[in-house]
Amino acid sequence: MVLKYKNYPDGIHHFSLEKKASSIGLDDKFTGEALLKITMDKSLHQIVFTCQASCNMRQECDRCMNEFDKTLETDFRLAYFFDKSATGNEQDDVHYINPEIDSIDFTDDTVQYLNLAVPMKTLCSEDCRGLCPGCGKNLNEEKCVCSGDVINPAWEKLLKLKGKLDQ
């Protein structure tokens, strides 16, 4: 995902880059094309890129264990300052670039930000009811016939002790 910026005048410019998710180094959970929309604000001493990355992803619901597809989206901003002695002394989103270089590769940044956008808890829908802890049925697909009072055997001795204390 390389963008040649050299031939553009100062000002705001819009670009759209697209590559297969597997070809830029995203793992096999990401499917289809990774899309990167870029707004470039170029001036004499710097370039600021406002980016929107998106890609489809195959996920597994943490409640019901069903697989589903979801489009992951993330926004990020990168600033490049022109410096003939570009030393690589960079921060996360601030870079120094030699003015002689005519293009910038966004592949690593896109991969990193898409990986950071993967949610810690994935749900197929906000109202997912999950699996029954007793019988394991998917409560989104069928009604459970369990009594609902499933007691973990680890707590049986405490329940007996509680029964003795209540008397």
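Starting from 1, each residue takes its place in the sequence as its number.
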statement: Taking every heavy atom of Met1 against every heavy atom of Leu36, the minimum-distance pair comes out as CE-CB, 3.8 Å
query: Can you hop from Ile47 to Ile38 via hydrophobic side chains spaced under 4.5 Å?
result: yes
Side-chain donor or acceptor of Arg129 paired with backbone N/O of Leu139 under 3.5 Å: yes
task: Apply side chain to side chain contact (heavy atoms under 4.5 Å, CB included) to Tyr5 and Asp102, showing your working.
output: CA-CA 6 Å; Tyr5 68 86; Asp102 68 342; 5.5 Å; no
field: Exercise: identify the closest heavy-atom pair between Val48 and Gln46
entry: CG2-NE2, 4.0 Å
task: Kindly determine whether Glu100 and Asn98 satisfy side chain to side chain contact (heavy atoms under 4.5 Å, CB included), including the steps that lead there.
output: CA-CA 5 Å; Glu100 303 302 319; Asn98 190 319; 3.2 Å; yes
query: If we only count heavy atoms from C-beta on, is the Asn140 to Cys128 side-chain gap below 4.5 Å?
result: yes
message: Just so I know, are the side chains of Pro119 and Gln59 near enough to count as touching, which here means a heavy-atom distance under 4.5 Å?
response: yes
- prompt: What do the steps show when you test Ile104 against Val2 for side chain to side chain contact (heavy atoms under 4.5 Å, CB included), and what is the final call?
  reply: CA-CA 6 Å; Ile104 296 174; Val2 177; over 6 Å; no
Any residue meeting side chain to side chain contact (heavy atoms under 4.5 Å, CB included) with Lys143, in chain and number order, not counting sequence neighbours: none
- request: For residues Ser103 and Leu3, determine if any side-chain heavy atom of one lies less than 4.5 Å from a side-chain heavy atom of the other.
  value: no
- prompt: Considering only heavy atoms from C-beta outward, does the side chain of Leu114 approach that of Leu26 to under 4.5 Å?
  reply: yes
Between side-chain atoms of residues 9-21 and protein atoms elsewhere (two or more places apart, or another chain), which donor-acceptor pairs fall under 3.5 Å?
{"residue": "His13", "atom": "NE2", "partner": "Pro9", "partner atom": "O", "Å": "2.7"}
{"residue": "His14", "atom": "ND1", "partner": "Thr39", "partner atom": "OG1", "Å": "3.2"}

query: Heavy-atom distance under 4.5 Å between the side chains of Tyr113 and Asp75, does that happen here?
result: no
task: Supply the atom-to-atom distance Asn138 CG to Cys124 SG, rounded to the nearest 0.5 angstrom.
output: 7.5 Å
query: Rounded to the nearest 0.5 Å, how far apart are CG of Asp83 and CD1 of Ile97?
result: 11.0 Å
- prompt: With sequence neighbours excluded, what pairs up with Thr71 under the side-chain hydrogen bond (donor to acceptor under 3.5 Å, both in side chains) test?
  reply: Asn56
Any side-chain heavy-atom pair of Leu78 and Asp109 under 4.5 Å: yes
Approximate separation, where rounding is to 0.5 Å, of Thr50 OG1 and Lys37 NZ: 14.0 Å
- prompt: Is the side chain of Thr122 donor-acceptor paired with the backbone N or O of Glu60 at a distance under 3.5 Å, no angle test?
  reply: yes
- prompt: Is there a side-chain contact between Leu131 and Lys137, using heavy atoms and a 4.5 Å cut-off?
  reply: no
field: Results of side-chain hydrogen bond (donor to acceptor under 3.5 Å, both in side chains) for Ser125 - residues two or more places apart only
entry: Asp127
message: In the structure I gave you, are the side-chain heavy atoms of Lys29 and Met57 within less than 4.5 Å of one another anywhere?
response: yes
- request: To the nearest 0.5 angstrom, please state how far the CD atom of Glu33 sits from the OG atom of Ser54.
  value: 10.5 Å
message: Test of understanding: with salt bridge (Lys or Arg N to Asp or Glu O under 4.0 Å), list the residues that count as partners of Arg58, not counting sequence neighbours.
response: Glu67, Asp69
message: So which atom in Pro99 and which in Phe82 form the shortest heavy-atom distance, rounded to 0.1 Å?
response: CA-CD2, 4.0 Å
task: For residues 30-73, pull every pair meeting ring-ring contact (aromatic ring centres under 6.0 Å, His included), keeping only residues two or more places apart or in separate chains.
output: Phe49-Tyr80, Phe49-Phe106
